Structures are given as C-alpha cells and as structure tokens.
Amino acid sequence: MNQLRVHGGSPLSGEITVRGAKNFVSKAMVAALLGEEPSELRNIPDISDVNVVSGLLKLHGVIVERDVQGGVIRLDPRNVESAHKADIDTHAGSSRIPILLCGPLVHRLGEAFIPDLGGCRIGDRPIDYHLGILRQFGAQVDKLDTGILITAPRGLHGTKVELPYPSVGATEQLLLTAVRAQGLTELRNAAIEPEIMDLIAVLQRMGAIISVDTDRTIRVEGVDRLGGFTHTALPDRIEAASWASAALATRGDVYVRGARQADMMTFLNTFRKVGGAFDIDDGGIRFRHPGTDLNSIVLETDVHPGFMTDWQQPLVVALTQAAGLSIVHETVYEKRFGFTDALVRMGATIQVYRECLGGLQCRFGQRNFLHSAVVSGPTPLRAADIEVPDLRGGFSHLIAALAAEGTSRVRGIGLINRGYENFTAKLEALGAKVETD
Ligand code: EPZ
C-alpha cells in the first residue's frame, strides 16, 4: 500500500479518534530504558515510529510487549545489554529518535552507538546541540564511518547549559541524561512543549527530581536509581489540528475525539481567526467550516506556546480557500514550504520568499531560505498526481486532494503512517472516497 487514489470534492464529515502523541510516545519509551523496573505506557497509537523505537529497544535487551488494539505497551528493561553495531545500523535513516538513546544507554551500559539519523527533510536538522550537551556532561563523542559512539570514561556529571534556541530534542536529550547524572543540572532557554512536560511527568513517576521555571529554566537533581512508570500519553495535538484543517479545507464537520483544548489553545485561536468554528466538550473537539467565507491571516510559527511548525502545513491548505492574502512566516525550520509546489500545481496561488514577512526577524532572515509564504485565495483546487515529500507535507497533500475536484494520485503514503494511525480507515469513516493501489 503505497499509493492512494483520492476522489475529492466532498466535505469530510463524522468522527475520528486521536490517541497518544507521536512526539511524546517515542521519548517515553526511551525513558523506560533508564528504569530498573518495567514500565507501562497507555494510549499508544499504531504508527511506524513506535515500531522503530520498539525495534531499537529490543536490540538492547528490553522486553517489549504490545497490545496494538488496546494501545498499551509494556517495556521491561531489567536485562538491558549492548547490541551489535550492525544490527543497530539497520535502523539508520529511519527516525531521529535514536539520538535520544545516548544518555540512557551510557547510564545503563557505559556506551551508546547511534546510527545515522532519519526524519523529515524540512531543513538541515543538525545535532550540534545534542552533542554539545553530552560533552558538557563529560561524554566522549566519536564519529564513526556510520553513526557515532558515545562513551563516558569518568561518568556523566551535572552541568549548566544554555541553548541558543529552545530545541525540543536537545531539551529531551538533557532531561534523559541529567536525571541519572551525578549532581545538579541547569538548562536555560529550554523548550517547554506539552510533550516535554509529559516526559517530565513520566520521569518524575520514575523517581526523578525536575523543576521547570516560568523563564524556560529547567533544573534537575540527579538520582542514583530510577524505577518504572505507568502513564497515559497525552493526545496528539498535531494529528488533531491536521484533521481540523482537513475539515476546514473540505468545508466539512469533524469531531476529533481525544483532542484536548489545553494543548491546542494557540491553534484554536488561529482557527477561529480564519473563520473556522469549533465546539469543545469533555471527549474532544468538533471542528466545522462556518459555511461562509474564510478569512486570510498573518501567521508566524514558533516554539511553544506559539503556533507549532507542525500545524503550519495542514493549515496552509485551508488558507488557499480563504479570501485575501495570508502571510505565513516559518521560523522553526528553514525549508518547510517545499510542499507548496504541489499545491501550486493543483491551482493554489502561493509564493515563497527569503525575507521574514509579517513578523519579527528570525534566524533564517538574510539567508537563502524560502521560509515565508504568501497565499492568495480562494482558489479552487484541481486533482493532481503528487509524491509525498515528508510527514506533515504529505498529510497536507492528502487534504488538498480531498478538497480538489477530480481524482488525485498520492504516492509514497507509507511515510504518513509514521505519524497518523489508520489514516485511510479514518478518511473512510469521514466519508472520503479513497482507494489504495
Ligand atoms: C521535534 O523535532 C519534533 N520531532 C518535530 O516534529 C517538531 O517539528 C519539532 O520538535 C519542533 O516542535 C520529534 O519530536 C520526533 P527541534 P526536533 O530540535 O526535536 C534546530 C513532526 O512532523 N536544531 O526543536 O528535531 C533545528 O534544525 C516532526 O512530527 C539545531 O540547530 O526539533 C530546528 O531548526 C517534524 N541543532 C530547530 O532547532 C540541534 O542540535 C528546532 O528543532 C537541534 C536542533
């Protein structure tokens, strides 16, 4: 199943459920490796990123039991052992999660071999912050022909770090290393995304001592031993917002069971400014097209509590249906507008610019990155043959195909499984006419 035929032009309508957040679940699974007792994680989605992390943990002797339907995963790390480099290498290019195994593996085994990383090509996505943090803890980093080897001949020691940018992954790297390092660690300019707060909750359940200040400072007191945890993953706010954008772009009405207001405040404000309607209850959020014209907006992506970069791509498709000029300034990734080429082929009017438009100067200003977009609408979309470029861009293409008149062919949809569980079944439940080839 790698190609989807989408017969577009009808509104999505009905109910779907989102389960645990991809960008939390994989990290919580890594955290289980730090414990000396088994852990249980609930609300696990059936996505391929979970399989990648399960595979890596199993290679290191973790016993993984999974109830896919029930969304429960049990991880027993009591017999952690070193894995063969060749086996680890088979995971090269599959995800960015392996870099987060460094601290836990060094604590448990004295060394960590990390394969070359994968993940979406939406920018250079360097790991300099990660390696700098590990070195500050006292780790030695050796680059090998494939991957990197991390060792800590004199152990890992608490340290003071200030991030140049509040990176999600680097903050997680620090947390997963500091909890068992000797002494105190302080991180300034930390990322404070809800997924990170949930990771901190998991680590606290395991026995860690972590405080978070309002000025983005995280302090960790290292402990000698961590136990296991039982935890229910927070819902996937990126998937929820993707379905919300799909409802808007197709003039539909979708109830997203599991969506949680608290994690989506900024998205909901923007959705309302575009003209989208929503109703919130204890079980989820219903997202609706208002039946009248949508409004153009000025939008800037940012770290939490700003508008997430991962919400940008799906919403841009809805903005092609809004009246007037929308300006979108992407400040988290330098190359996250590649997906707009396909939208333009489908009839959208989108121009991308090197300049920082509509907001403050960001890290990518005065450089060669097309990181601002002007979307002029509304423009009817027409069907096309599309190749999925990355996870969120791919889902956005699906939304465009659903909104477009005619039959589109979307190739490479396997990539979308990384972050959207059972998306073809969910599309069918919402009345979409899709066929896998
Ligand atoms: C996480 O990526 C998510 N991935 C991303 O989701 C998400 O877009 C991103 O956080 C921001 O919210 C996972 O959780 C697996 P960063 P991460 O470190 O941790 C630069 C999705 O579609 N940077 O916060 O890799 C980096 O290049 C994915 O679900 C460095 O320069 O993101 C980027 O410009 C895509 N050096 C910025 O920081 C480093 O060492 C933010 O990246 C690390 C990062």
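Values below: every heavy atom of this structure, side chains too, minus hydrogens, waters and symmetry copies. Treat the numbers as computed from the prediction; the structure is a model and nothing was measured. If you read the sequence from its start, that first residue is 1, and numbering goes on from there.
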With a 3.5 Å cut-off and no angle check, do the side chains of [X] and [Y] form a donor-acceptor pair?
X: D198; Y: H231; value: yes
X: T301; Y: E330; value: yes
X: N51; Y: R66; value: yes
X: R336; Y: Q312; value: no
X: E193; Y: H304; value: no
X: Y255; Y: R288; value: no

Task: Output field: ring centroids W243/F395 closer than 6.0 Å - done: yes
Say whether, by atom type as modelled, one donor and one acceptor occur between the side chain of [X] and the main chain of [Y] under 3.5 angstrom.
X: Q321; Y: G377; answer: no
X: S326; Y: A322; answer: no
X: T340; Y: L343; answer: no
X: S296; Y: A323; answer: yes
X: H130; Y: I99; answer: no
X: S26; Y: N23; answer: no
X: R345; Y: D385; answer: yes
X: T266; Y: P305; answer: yes
X: S39; Y: G228; answer: no
X: N417; Y: S48; answer: no

Open item on the list: Cation-pi check for F369 against R354: NZ or CZ below 6.0 Å from the six-membered ring centre and within 45 degrees of the axis, yes or no?
Closed with: no
Of the non-hydrogen atoms in [X] and [Y], which two are nearest, and what is the gap between them?
X: P314; Y: I399; answer: CB-CD1, 3.9 Å
X: G20; Y: A233; answer: CA-CB, 3.9 Å
X: H289; Y: A247; answer: CB-O, 4.3 Å
X: T250; Y: L12; answer: OG1-N, 3.1 Å
X: I350; Y: A373; answer: CG2-CB, 4.2 Å

Are the charged groups of [X] and [Y] less than 4.0 angstrom apart, N to O?
X: E334; Y: R125; value: no
X: E15; Y: R257; value: yes
X: E195; Y: K27; value: no
X: D236; Y: R19; value: no

If you define the side chain from C-beta out and look only at heavy atoms, does anything of [X] sit under 4.5 Å from [Y]?
X: R108; Y: R180; result: yes
X: I127; Y: R96; result: yes
X: I44; Y: D67; result: no
X: V434; Y: E428; result: yes
X: F307; Y: N269; result: no
X: V6; Y: L402; result: yes
X: R219; Y: D213; result: yes
X: V374; Y: V328; result: no

Out of curiosity, [X] [atom1] to [Y] [atom2], how far, rounded to the nearest 0.5 Å?
X: I97; Y: L56; atom1: CD1; atom2: CG; value: 9.5 Å
X: M346; Y: R382; atom1: CE; atom2: CZ; value: 9.0 Å
X: L33; Y: L176; atom1: CG; atom2: CG; value: 9.5 Å
X: H371; Y: R363; atom1: NE2; atom2: CZ; value: 9.5 Å

- [ ] Give the C-alpha distance, both sets of side-chain angles, the deciding distance and a yes or no for side-chain contact (heavy atoms from CB on, under 4.5 Å) between V388 and I416.
- [x] CA-CA 8 Å; V388 166; I416 299 177; 4.1 Å; yes
Task: N79 CG: over 12 foreign heavy atoms closer than 6.0 Å - done: no
- [ ] Step by step, work out the side-chain contact (heavy atoms from CB on, under 4.5 Å) result for L299 and I327.
- [x] CA-CA 6 Å; L299 178 65; I327 297 174; over 6 Å; no
Open item on the list: Below 30° counts as parallel, above 60° as perpendicular, anything between as tilted: where do the rings of F278 and F287 land?
Closed with: tilted
